[in-house]
There are 2 protein chains.
Amino acid sequence: MNIGEAAARSGVSAKMVRHYESLGLLPAVARTDAGYRQYGEREVHTLRFIRRARDLGFSMAEIAGLLALWQKPDRASGDVKRIAEAHIADLDRRIDEMTAMKRTLETLVHCCHGDHRPDCPILDGLAEAGGPPQA
Amino acid sequence: MNIGEAAARSGVSAKMVRHYESLGLLPAVARTDAGYRQYGEREVHTLRFIRRARDLGFSMAEIAGLLALWQKPDRASGDVKRIAEAHIADLDRRIDEMTAMKRTLETLVHCCHGDHRPDCPILDGLAEAGGPPQA
DNA sequence: GCTTGACCTTGCCATCATGGGAAGGTCGAC
DNA sequence: GTCGACCTTCCCATGATGGCAAGGTCAAGC
């Protein structure tokens, strides 16, 4: 199977398949005489694993760790769980950050008439809300 | 005032001050004979505006729009409000995405013993959860 | 056999906001 | 005069992905 088919069957673009190979996430597969990469079910399976991990927001470095554990028969599930929990904590942190931004913006938006007049609490909020962070 | 002081007083790095100038967010200021940029209170104020907008997650393009409105006496507050509301919607979308990731992960983590044994529902979930997206 | 179109190859550039570092000029204090 | 702190410009890197270009390959149809 050529890269295009492996890509279609895994839901990863051909470009990304090559990229993952260059990152070492995917082993370098055999080539035809013309240099075409040849894939099998095994690689498609790995690509799907990578795609699902990406869909859950894992970084490439975390995925590399998960892949290594996945392919290691004597892994400890605790190691997997640790990676997943760290990622959940990271998601939590980012969700909190964005929620705080959203709350502040909603307050400002709520105060803004949003009409043809120039007065705008949103701009006032951006312009007046205190000096540098640690000063 | 040199760039270092303007940076310190606005909470933006000197590097970013130059970058904002190159993007056109900040006007090119006067220079000393030696080529040092000279800033005044006005520029520090603008830099603080930019920093606060960044802190609220606005992109540079959105900040450019906000700055233009801020500096335009005959603006319509409705234009400002539209930018802010679009950004809130964007934050909402991203928060929802991450929350969905988090929920899925929490389900998997909840099922994982997290001990020294290799069996791991997290890896199983990544490996088995269906084929390509639109197939 | 030749053409055509779909596919493959590598490699470079772009995103977005930011930091790091190099190489060199300037300024103030001692 | 020297030293350290500051400034200048320019290039490179991030992380995951897309786009494009130039060129090779393959299968199908004529």
Side-chain angles (χ1 to χ4, degrees), chain A residues 1-26 28-39 43 47-67 87 90-91 94 97-98 101 132-133, chain B residues 1-26 28-39 43 47-67 86-87 90-91 93-94 97-98 101 132-133:
Chain A
M1 155 174 31
N2 286 339
I3 198 170
E5 188 178 348
R9 290 180 49 183
S10 61
V12 170
S13 71
K15 190 112 185 181
M16 282 298 102
V17 174
R18 296 190 194 99
H19 185 55
Y20 294 156
E21 178 186 311
S22 80
L23 292 181
L25 293 188
L26 203 62
V29 295
R31 305 280 189 120
T32 66
D33 288 352
Y36 286 22
R37 290 171 179 83
Q38 291 301 111
Y39 295 93
E43 285 79 28
L47 284 169
R48 285 190 184 138
F49 183 100
I50 294 172
R51 181 177 61 74
R52 285 184 210 112
R54 284 290 318 136
D55 289 348
L56 290 178
F58 284 104
S59 70
M60 299 317 292
E62 288 167 328
I63 294 175
L66 291 170
L67 269 176
H87 182 47
D90 194 51
L91 285 171
R94 281 151 54 191
E97 278 176 14
M98 289 197 289
M101 291 176 187
Chain B
M1 161 177 20
N2 285 340
I3 197 171
E5 188 179 346
R9 290 179 50 180
S10 62
V12 169
S13 71
K15 195 111 182 181
M16 281 299 102
V17 174
R18 295 189 194 99
H19 184 56
Y20 295 156
E21 178 186 311
S22 81
L23 293 180
L25 292 189
L26 202 63
V29 296
R31 305 282 188 118
T32 65
D33 288 351
Y36 285 23
R37 291 171 179 81
Q38 292 301 112
Y39 295 93
E43 285 78 30
L47 285 169
R48 286 192 182 135
F49 184 101
I50 295 172
R51 180 178 61 74
R52 284 184 210 114
R54 286 287 320 133
D55 289 348
L56 290 177
F58 285 104
S59 70
M60 298 318 292
E62 289 167 326
I63 293 175
L66 292 170
L67 269 177
H87 183 48
D90 193 52
L91 286 171
R93 190 182 49 71
R94 281 150 56 190
E97 277 176 12
M98 289 198 288
M101 292 177 186

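The analysis underlying the following values was restricted to heavy atoms, covering all of them including side chains, and did not include hydrogens, waters or symmetry mates. We name chains A, B, ... by the order of the sequence lines, and we start the count at 1 in each one.
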Between [atom1] on residue [X] and [atom2] on residue [Y], distance to nearest 0.5 Å:
X       : Y       : atom1 : atom2 : answer
A:Arg54 : A:Arg52 : CZ    : CZ    : 14.5 Å
A:Leu25 : A:Ile50 : CG    : CD1   : 5.0 Å
B:Asp55 : A:Glu97 : CG    : CD    : 10.0 Å
B:Glu43 : B:Leu26 : CD    : CG    : 6.5 Å
B:Met60 : B:Leu67 : CE    : CG    : 8.5 Å
A:Glu62 : A:Leu56 : CD    : CG    : 11.0 Å

In whole angstrom, give the distance that lies between atom [atom1] of [X] and atom [atom2] of [N].
X       : N      : atom1 : atom2 : value
A:Glu5  : D:dC26 : CD    : C1'   : 15 Å
B:Tyr36 : C:dG24 : OH    : C1'   : 11 Å
A:Ile50 : D:dT17 : CD1   : P     : 10 Å
B:Asp33 : D:dT8  : CG    : C1'   : 15 Å

Item to check | Nucleic acid footprint by protein, nucleotides 10-23 of chain C - heavy-atom cut-off 4.0 Å, B for base, S for sugar-phosphate alone | outcome: BBB----SBBBB--

Would you tabulate the side-chain donor-acceptor contacts of residues 16-23 of chain B under 3.5 Å, counting partners in other chains and residues two or more places apart, or write 'none'?
residue : atom : partner : partner atom : Å
B:Glu21 : OE1  : B:Arg37 : NE           : 2.8
B:Ser22 : OG   : B:His19 : O            : 2.7

Item to check | Any donor-acceptor N/O pair, B:Arg9 side chain to B:Arg48 backbone, under 3.5 Å | outcome: no

Checklist entry - Bend across the helix from C:dG1-D:dC30 to C:dC30-D:dG1, to 10°, with axes taken over 5 pairs at each end? => result 30°

